[in-house]
Amino acid sequence: MGTPSFPAKRLPVAALLPLKRLRAQLAPTVADGLLSLGLLALIAWAAVQLGGWAIGRADWAVLQLNSMLLLVGRYPLAEQWRLWLLGALLAAQAGLSWGLLRAWPRADRREQGQLWPRHDRIAAVLITLLALLLPAALGLAGALQGRWWLLAAVLLALRWAAGRWGPGLHRRTLKLLGLLWPLLYLLGFWLIGGGLGLAAVAPGEWGGLLLTLVMASFAMALSFPLGVLLALGRRSNLPLLRWGSVAYIEFIRGAPLITLLFIGQNILGFLLPASISPDRVWRAAWVLTLFAAAYLAEAVRSGLAAVPRGQLEAARSLGLNQAQALVTVVIPQALRVALPTMVGQFIALVQDTTLLSLIGLLDLLGMARGIMANPEFLGHSSELYLVLAVLYWSCCAALGLGSRALERRLDPRSLAGRP
Amino acid sequence: MNGTPWWRDRRVLPWLLQAVVGLAVLVLVALLMTNLVRNLSAAGLLLSWRWLGQPAGFDLSETLLPFNASMPYGRALLAGLLNTLRVIVIALLGSSLLGALVGMAAFSRNGLLRGLARVYVEVVRNVPLLLQLLFWYFLVFLALPDGRAALQLPGLVLAKSGLYLAGFAGGSWQGPQLLNGSWQAPLQLSVEFGALLTGLITYIGAFIAEVVRGGIASVPRGQWEAAGSLGLHGVATLRHIVLPQALRVIVPGLTNQYISLAKASSLALACGFTDLYSVAETTLNQTGRAVEVVLVLLAAYLAIDLLISAAMNGLNRLVQVRER
Amino acid sequence: MLLAACGCANDSGGGVSSVRMAAIRSHGQLICGVDGQVSGFSSVAADGRYQGFDVDVCRAVAAALLGSGNKVDFRNVTATQRFPAVASGEIDLLSRNSTVTLGRDAPGGNAMSFAPVVFHDGAGVMVPLASGITSLAGLGGKPICLLSGATTEQALTDGLRRLNRRYVPLKFSTIDEMFGAYQQGRCAAVSIDRSALAAQRTTFAVPAAHLILPEVLSKEPLAPATIESDPAWADAVRWIVYALFEAEEQGITQANVAAKLAEAKANPKLAERRQSDQCRRQLRRDLSP
Amino acid sequence: MIRAEGVEKWYPNGFHALRGASLTVNRGEVVVIMGPSGSGKSTFIRTFNALEDFQKGSITVDGLALSNDVRQIDAIRREVGMVFQQFNLFPHLSVLENLTLAPVLVRKRPRAEVELQAMALLERVGIAEQAEKFPGQLSGGQQQRVAIARALCMEPRILLFDEPTSSLDPEMVREVLDVIQALAAEAITMVVVTHEVRFARQVAHRVVLMDEGVVVEQADPESFFTAPRHERTQRFLEQIL
């Protein structure tokens with residue numbers, strides 16, 4: 001392998017000519033040069049193989065024919081407009097938030113006043129390209145393609161509008177806009193599940209990416225407050241709360257998720273009275289929630305440990321009671337410290353939803369496994385695996401990117417007032 | 001100090017809070033347990049371990065412990081546990097090696113190597129393990145050719161029917177041989193085992209690489225410079241100066257990864273390998289003893305976790321002591 | 001006879017003897033566990049409706065109990081989940097091509113209460129024609145793909161043991177993956193109920209390239225199951241299933257049921273009819289609080 | 001205003017921090033507490049707003065006897081402001097939000113009104129132009145001045161200072177002490193734990209020496225520094241002067 005060195009010790013390569021720069025990067029020594037050659041050959045070989053496969057042998061019909069199954073599972077056709085509506089609302093809200101973030105930078109932001117910083121321009125172009133090219137590449141029907149375009153258009157239009165007129169909005173209005181997210185969350189569950197005037201769609205009929213996202217977002221939203229409570233319990237100086245939290249957290253963290261899902265599917269029925277028989281999807285959702293809460297609690301705990309004791313004392317000495325002090329002073333700081341770890345847990349949670357396919361639920365992976373088993377598509381599972389990998393990777397990577405952006409945004413504040 | 005009503009007394013309040021929470025939990029647990037006992041007795045399934053001694057009636061493949069269908073459930077579960085341990089031990093060594101190499105590659109002077117290490121870590125960590133296991137099993141290992149066309153490397157043959165390794169047999173070194181159209185070798189692994197190992201090693205390896213990278217990065221830059229000024233070259237610096245210090249940070253991170261490896265090994269059933277979880281599922285199916293089977297599972301994995309924690313704590317103490 | 005049987009079952013539910021039936025009534029839905037992925041037995045059509053033989057049994061029970069075959073909450077349960085789901089009371093009825101066995105019926109284990117057998121199946125083995133294997137004996141020492149937890153596993157073990165042969169079991173948690181591995185050539189044979197083998201073979205690219213061996217390894221009588229602790233509910237299901245048999249024998253269908261009923265009423269001397277009326281009155285007396 | 005009698009405190013680890021400390025502070029009085037480190041002076045003033053509990057003795061603050069009644073503790077904390085050695089500003093809130101948080105939340109006053117008052121206070125401590133910044137962007141001296149403004153924003157009747165200048169760079173000590181001195185001129189009751197002799201001489205109405213958990217000596221600054229009666233005071237003064 002190449003000779004290790006501390007990265008900061010690298011040559012000031014930017015000053016060198018491109019060729020020299022390349023040489024400094026690839027072949028600082030003869031051995032490194034040989035290694036680089038080998039690696040280059042390997043990469044070239046892989047690229048040729050993959051390219052040849054993608055152009056020649058890959059058959060994307062398996063995706064075209066099953067795109068709706070993969071997206072929403074067996075969700076009734078007549079009710080799918082609800083999902084598109086939800087998609088449009090989400091796109092609108094995302095565009096709005098994005099634009100407002102840019103319109104209201106923190107006082108110390110570098111990009112202040114810049115409506116379209118460079119990253120945003122790149123993102124906008126990417127979104128446009130994806131919306132235009134991907135549906136076409138998959139050969140989706142015209143009506144479906146149009147809907148994807150509409151979603152992208154809504155997102156970008158609201159991004160622009162919010163960035164343009166956002167600064168003129170009153171502070172109070174902005175606070176209200178922040179409430180839109182939880183509102184949209186509840187609205188989303190109503191649109192997906194029905195009831196209250198809409199035809200009910202049982203959880204058993206949700207599937208594919210829809211089920212994956214519903215499960216992941218449900219577990220994220222609910223495990224968050226649970227995790228914070230558990231973390232507070234674990235750091236409490238009341239022995240019963242502390243030991244209770246410790247026991248719970250360690251029990252959950254000691255067991256593989258699959259055994260916990262197993263308990264949810266096979267044991268829960270024995271624990272509940274016969275009159276209560278929650279749906280299998282909800283059981284799994286709650287298991288995921290309780291599972292994620294334990295891991296989140298550990299992340300939050302490390303955050304709480306990083307908040308100096310003086311913060312609580314200062315808040316109490318100002319007359320805030322314990323709850324007020326925790327909510328307004330301690331927890332916000334703890335969460336900021338814990339943010340990277342927490343997002344790591346959320347990424348793990350998205351990945352963990354694939355285990356639902358092992359207990360007979362048709363999440364994205366479960367749906368794909370069903371499709372792959374269809375002899376009609378035998379020999380074309382590579383295409384499905386690739387698309388699934390890209391989808392999951394994008395979800396996880398997007399979460400990671402988002403968290404890093406959020407960290408940066410919070411950064412000036414995290415230069416804490418500690419001496 | 002007197003005359004304070006008890007519900008506002010700060011000496012009483014913490015206990016009150018604990019009592020309320022404790023009582024709520026107690027009531028909940030009592031309710032659940034009452035239901036459990038009632039439902040179990042209604043189904044005639046009250047806790048009993050007699051079934052452990054009854055013949056299992058199913059066969060297991062690839063066990064370390066000799067097993068056939070007439071042996072009891074208890075032995076089947078034990079065989080499954082041994083298989084799980086085998087996976088964990090081998091994957092643990094493999095992923096540590098891979099992780100260490102990739103983690104150190106992040107500090108290579110070779111830009112290409114650095115880039116590849118980064119891409120590997122970013123790709124593998126963000127794709128679910130289960131998907132990767134299915135990929136390795138169905139797309140890679142089951143696509144291997146068989147018989148004469150099998151992939152033949154020195155001392156190793158990869159075929160759809162299994163992985164064949166050279167080894168000592170009957171006192172002499174023997175490589176894989178083709179006999180009557182099927183391969184024979186001193187060491188044979190099923191492709192299920194191979195797929196599971198490959199998946200676990202590459203997945204956990206990526207996480208370990210991050211731990212190692214973080215550990216090395218935590219060593220102050222002055223240490224590299226000091227070593228360089230003493231005339232040590234890169235590899236020697238890494239081995240003698242940096243790694244011993246980095247281990248202090250790496251070992252605790254490794255513990256977490258090893259435990260998550262142990263838990264992840266329960267996904268074996270996705271690629272058809274007979275591990276503890278898979279045996280437990282079959283056992284549940286035959287006996288209907290859901291509660292007992294889950295208790296066995298939880299106890300086994302908890303014990304494995306504790307074992308790893310204890311071993312790693314020992315290692316940690318060793319590393320930290322040497323530092324002083 | 002059909003109506004009579006249904007009537008009996010119907011009335012017994014109103015009393016206190018069956019907790020479960022009362023629960024189903026108040027719930028307004030029958031929770032029925034099915035596989036959901038075996039074509040012919042239970043699968044989901046493109047419009048999202050469940051269809052198949054197992055599904056129809058669920059619908060018949062719901063129709064008898066609640067007056068509509070649509071008042072069913074179908075739950076997909078895997079082979080592992082099915083019996084705990086019944087025993088724990090999660091599902092009211094299991095109609096998931098499940099074999100009746102002594103072990104599953106006897107108290108102490110998967111204590112189920114089985115309704116009459118609705119389908120007679122048998123475990124079988126399928127091999128690729130190209131392998132040249134024509135009988136069970138040819139499978140000695142070979143890897144065989146199995147469904148984890150199915151009765152076929154035991155049948156196969158026993159069948160080969162009689163021939164003094166062993167085999168390498170490769171267990172999968174879903175039918176899909178089992179056949180996937182088989183088609184990729186991982187195992188020399190695949191074993192499950194012959195009905196499922198036949199159904200799956202039709203979906204293969206070249207069905208004729210696969211041979212279902214002549215040996216029937218076991219009798220696999222498939223039947224719906226209910227929780228053992230509620231005999232009244234088990235009785236109701238049993239008689240609803242009998243009513244289905246009777247209706248099929250007498251050619252009663254949804255279309256002609258009104259005509260048949262009128263015919264029966266026109267002939268009051270019909271012995272069965274009287275008998276069933278008695279049964280109904282008796283039950284009312286027994287069950288009224 | 002404050003009347004502490006025979007206060008005794010043991011920490012959970014058994015350390016006997018206060019061994020019968022007594023002190024009376026009158027309305028509008030500025031009392032400076034001095035003493036070697038570990039003498040219990042910080043612990044002592046932290047018992048005044050119930051940040052520390054105590055096992056024996058009694059404390060009366062503004063006519064209210066400190067008890068274990070949480071409602072009473074909250075009432076006392078509302079009337080007693082505190083400035084800490086480590087500033088303890090809330091790093092995730094802007095300077096202005098640091099000031100307005102408690103009045104809005106605890107006193108339920110309208111935000112707009114509190115913000116006006118907060119700006120006036122920031123003006124008074126000389127950092128109004130920093131109102132939108134975050135504590136992490138300010139120097140230590142500025143942070144401590146914000147902390148004082150934050151305490152004042154609750155309109156307390158008593159202000160406690162727990163070594164307000166001990167973690168400041170030397171050049172910043174002056175600006176903070178100036179602010180405190182200006183406050184003293186407004187006849188706010190203050191108890192200041194500090195090592196600043198010059199400050200004590202100029203501002204204090206009374207100087208108190210604590211050692212080993214008891215009040216050893218109290219006197220007006222002049223006699224305290226020039227004619228200490230107690231032998232332990234003399235020793236202490238020899239060490240710091």
Side-chain angles (χ1 to χ4, degrees), chain A residues 104-110 112 167 170-172 174-175 236-239 242 300 303-304 306-339 406-419, chain D residues 12 46 48-52 70-71 73-95 97-99 101-107 111 130-140 142-144 146-147 150-151 153-154 156 160 162 166-169:
Chain A
W104 280 85
R106 306 241 46 128
D108 36 75
R109 284 281 296 193
R110 212 161 16 96
Q112 187 166 28
H170 195 271
R171 252 205 136 102
R172 182 101 11 108
L174 282 174
K175 285 237 165 92
S236 160
N237 42 23
L238 307 180
R242 187 170 65 245
V300 175
L304 285 173
V307 179
R309 203 181 150 63
Q311 290 289 317
L312 184 65
E313 284 179 353
R316 294 307 302 271
S317 76
L318 283 170
L320 275 66
N321 62 34
Q322 184 83 10
Q324 288 172 328
L326 284 177
V327 169
T328 58
V329 173
V330 176
I331 292 177
Q333 297 183 55
L335 291 184
R336 198 185 51 216
V337 176
L339 183 72
L406 195 60
E407 263 172 78
R408 266 200 306 278
R409 192 177 160 70
L410 295 172
D411 202 31
R413 302 198 274 175
S414 65
L415 301 169
R418 295 157 209 150
Chain D
R46 283 159 62 91
F48 295 171
N49 66 348
L51 283 182
E52 304 280 357
V70 282
R71 190 182 293 178
I73 290 173
D74 284 343
I76 287 174
R77 280 180 179 154
R78 279 197 292 273
E79 306 306 330
V80 180
M82 188 159 203
V83 176
F84 297 84
Q85 180 180 356
Q86 306 289 346
F87 328 141
N88 290 344
L89 292 182
F90 306 134
H92 61 300
L93 300 177
S94 71
V95 166
E97 287 166 332
N98 260 283
L99 265 66
L101 178 74
V104 171
L105 220 58
V106 178
R107 295 226 191 262
R111 178 177 295 278
Q130 316 275 24
E132 291 300 324
K133 285 200 177 167
F134 288 93
Q137 297 165 296
L138 305 182
S139 73
Q142 289 174 324
Q143 288 196 42
Q144 194 60 299
V146 173
R150 178 175 72 178
C153 210
M154 278 294 282
L160 307 174
D162 187 2
S166 296
S167 54
L168 289 176
D169 292 336

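Chain letters run A, B, ... following the sequence lines, proteins first and then strands; every chain starts at 1. Everything quoted here is computed from the prediction, not taken from an experiment.
Among D:Leu168, D:Asp74, D:Leu105, D:Asn49, the residue with the largest count of heavy-atom pairs under 4.5 Å with chain A is D:Leu105. For the set D:Ala102, D:Ala151, D:Pro103, D:Gly140, the entry with the most heavy-atom pairs within less than 4.5 Å of chain A is D:Ala102.
Both the backbone and the side chain of D:Phe90 come within less than 4.5 Å of a heavy atom of chain A. Both the backbone and the side chain of D:Arg150 come within less than 4.5 Å of a heavy atom of chain A. Interface remark: D:Leu101 contributes side-chain atoms only to the contact with chain A (heavy atom separation under 4.5 Å).
D:Met154 approaches D:Arg107 most closely through the heavy-atom pair O-NH2, 2.8 Å. Here the closest heavy-atom approach between residue A:Arg316 and residue A:Ala325 is recorded as CD-CB, 4.0 Å.
For the ring-ring contact (aromatic ring centres under 6.0 Å, His included) test, residues two or more places apart in sequence or in another chain that qualify with D:Phe48 are D:Phe44. Under the rule for a side chain to side chain contact (heavy atoms under 4.5 Å, CB included), the partners of D:Pro156 that lie at least two apart in sequence or sit in another chain are D:Leu159.
Considering CD1 of A:Ile331 and CD of A:Gln333, their distance stands at 11.0 Å, rounded to 0.5 Å.
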